[in-house]
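To start, the structure under review is shown below, and the notes come after it.
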There are 2 protein chains.
Amino acid sequence: MTKPQPNSMDVARRAGVSQSAVSRTFTPGASVSESTRAKVLAAAEELGYRPNVLARSLITGRSHIVALVVAYLDNQFYPVALEKFSKAFQALGYHVLVFMASNADEDVENVLEGLLDYQVDGVIMASVSISNRLAERCESAGVPVVLFNRRQDDERLSAVTSDNVAGGARVADHLVACGHRRIAHVSGWSGSSTGRDRRNGFVDRLAAHGIEPVAILDGMYDRDVAAAATRTLFSGEAASRPDAIFVGSDHMAFAVMDTLRFELGLRIPDDVAVVGYDDVPMAGWPAYDLTTVHQPADGMVDATVETLMARIADKTIAPRILRIDGPLVVRGSTRPHPDPTGGHSRD
Amino acid sequence: MTKPQPNSMDVARRAGVSQSAVSRTFTPGASVSESTRAKVLAAAEELGYRPNVLARSLITGRSHIVALVVAYLDNQFYPVALEKFSKAFQALGYHVLVFMASNADEDVENVLEGLLDYQVDGVIMASVSISNRLAERCESAGVPVVLFNRRQDDERLSAVTSDNVAGGARVADHLVACGHRRIAHVSGWSGSSTGRDRRNGFVDRLAAHGIEPVAILDGMYDRDVAAAATRTLFSGEAASRPDAIFVGSDHMAFAVMDTLRFELGLRIPDDVAVVGYDDVPMAGWPAYDLTTVHQPADGMVDATVETLMARIADKTIAPRILRIDGPLVVRGSTRPHPDPTGGHSRD
DNA sequence: GTGAAAGCGCTAACAA
DNA sequence: TTGTTAGCGCTTTCAC
């Protein structure tokens, strides 16, 4: 049952050629005559031979393995991205090795060691919560890194995000256009660039409309924290309560909506409007029907893959920082005000 | 910036010992004196040396890589499982290489080749839709396989599932106890063992109660198909419409509920009761509050990991087929009938 | 175009 | 306990 895997020498013997002829047959750019190539292929087929990628990587220095570092998969945006990443890399002859990591310093070390141990050709950091040091240490060890859905102030690191500042601004415009004036924000983790950019874009544009948010609470990208924040928003005087909430991610927005409807008994959008960020598939499900900023996962993944592959091919090229814009998708969790109090328009 | 990674020879020179001493220091069971060990560790630390896992695997025949083959990550059960798998393997010094695969024959070949190319130590098939042949060919190539959340009639393959037959039966009991008599089933893909087992357990137990389902439609584990099935169920005469639906997975159940509420204008559970299967986190969210059969993901993952590791350690051990039972979690999508027509009880 | 030979970084006998 | 010596399976000069 357990046939030992044949190696290139077995194939060479069977084909009546040298071992290097076998290697050449399986090396894309190498020079082999059609006849030997045919003999080798035939022998390989009969024996069920496939070159050992690991052995090859020893000599070429390319493992054809890419690491994906991610903190959690609760937020549907990440599994969706993971699926796309895996398919994209598979099509390029690469494969994705998964590393789960929290913020803990200990984790950072373990993950780093793992990355280096497996000689990964590149790293995608899809987590918002992993320490910055990790990316820097990978780069300084010669392993290209691309940050996905986050960026750092460090300009030496490649990063692909949506245009979070513009997205936040777009939400502000929309809520104002809907006639809202008492607006709250349950933000993404303020330790993450993504959370900060969305908040800043939102708050600044609100200010341009002459509006200050009634409250800004950090939702930590966590359902429970976001739910608690929602309760806080509605615990005070009636006058201080928001009539619209911008939530820093769809994942949290669902928790906010659940709390609003089922715990506080409020109607969406009649009593409170809600806007999210990401446009994960679930946002389009009728149960939520959430107005949200679309993050173009396809485009972001493609850009990330391309950037990483370029840096793998040539480590000397300059890092890229890409911002891929996405539209606001208006759904049923917000409703244009029939008679906007202030008549503010979008520009 | 790009320091070349040091190798064991560099460390040996620096520590003033032989290269094998370095190897021994990093090989758990090897015999090294405390003094050389200390010297090696110091030198390694200074140089930032870590053994190359790939080179090691060439000689040991263990890559410390496990493949996870999966078809899609839409169904929340799979990302949750993936996260647990990755963490569990990381704790054991293994890592997960992801392979996305559809049913297509072409995919089966590509995935198989990928698995063999990377010399993975073991394979977890978490997909319900990948061809049976793949698992068999891995095993016959000497790569241990464990099926996750599915099984095959082939007794030579290890498999870990929940007790799908018992789970289906439990749903039948519950719906009957709730007083329902016009019961429909939107099943999981009938090409999958999981889909068939749940259906059979359900239908057989219903029969024991003297009830025949009003309809059984294959939902293919797909939201759109399940939604279409729901429309079909309610397209006929009022008398032929179900007052309860058992759906073969939570993922489909959400689509069924959305269709029921927002397209057909029906109330759950008043007009129609709905039961799912899996108990993914979302099933507990108030927006759905879905009665469902709990699949113990933790237990299933642990059992799968353990089974796979055992077979990696000793390929001659017999395959295990494990069924891990989970309870029915009753939530708001079903309601006990105040006055059950037939007075059927659960046993 | 082809084979011989050297080595990628490591582990595992084998002597010492 | 230690160093020396063979490889693991492959790619890549280098002569031919």
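Quick caveat: nothing in here was measured; it's all calculated off a predicted structure. So that the names make sense, note that chain A is the first sequence line, chain B the second, and so on, each numbered from 1.
The CG-C1' distance, from A:L58 to D:dT12, rounds to 14 Å in whole Å. For A:H64 and D:dT11, the NE2 to C1' distance is 13 Å, given to the nearest whole Å. Atoms CE (B:M9) and P (C:dT11) sit 14 Å apart, rounded to a whole Å. B:Q119 places its CD atom 9 Å from the C1' atom of D:dG9, with the value rounded to the nearest Å. Between A:Y118 atom OH and C:dC10 atom C1' the separation is 16 Å, expressed in whole Å. Here D:dT2 presents its C1' atom at 11 Å from NZ of B:K39, a figure rounded to the nearest Å. For the pair A:Q19 CD and D:dT13 P, the computed distance is 15 Å after rounding to whole Å. The CZ atom of A:R56 sits 9 Å away from the P atom of D:dT12 (whole-angstrom rounding).
Contacts of A:S33 with the nucleic acid, taken as non-hydrogen atoms under 4.0 Å apart, involve only primed sugar atoms and P, OP1 or OP2. Across all strands shown, A:V22 has no heavy atoms under 4.0 Å from either base or sugar-phosphate atoms.
Put simply, A:N52 has no side-chain N or O that comes within less than 4.0 Å of OP1 or OP2 on D:dG9. Here B:S23 reaches the OP1 or OP2 of C:dT11: one of its side-chain N or O atoms lies under 4.0 Å away. Taking 4.0 angstrom as the limit, A:T36 places none of its side-chain polar atoms (N or O) nearer than this to OP1 or OP2 of C:dG1.
Closest to the side chain of A:S20, from the set D:dC8, D:dT12, D:dG3, is D:dT12. Of all nucleotides listed (D:dT11, C:dC10, C:dT2), C:dT2 comes nearest to the side chain of A:S31. For B:T60, whose side chain is taken as the heavy atoms from C-beta onward, the closest listed nucleotide among C:dT2, D:dT11, C:dT11 is C:dT11.
Side-chain atoms of A:D121 and A:S63 include a donor-acceptor pair closer than 3.5 Å. Side-chain contact annotation: B:Y78 with B:N149, donor-acceptor N/O pair under 3.5 Å present. In summary, the side chains of B:S18 and B:S20 do present a donor paired with an acceptor at a separation below 3.5 Å, with no hydrogens or angles considered.
The distance between the ring centers of A:F89 and A:H95 does not fall below 6.0 angstrom.
If you check distances only, the side chain of A:R24 does reach the base of C:dG3 with a donor-acceptor pair under 3.5 Å.
Ranked by how close their nearest DNA chain D nucleotide is to the 5' end, A:F26 and B:G16 are led by B:G16.
Ion pair B:E139/B:R156 not flagged as a salt bridge, since none of the NZ, NE, NH1 or NH2 atoms sits closer than 4.0 Å to an Asp/Glu carboxylate oxygen.
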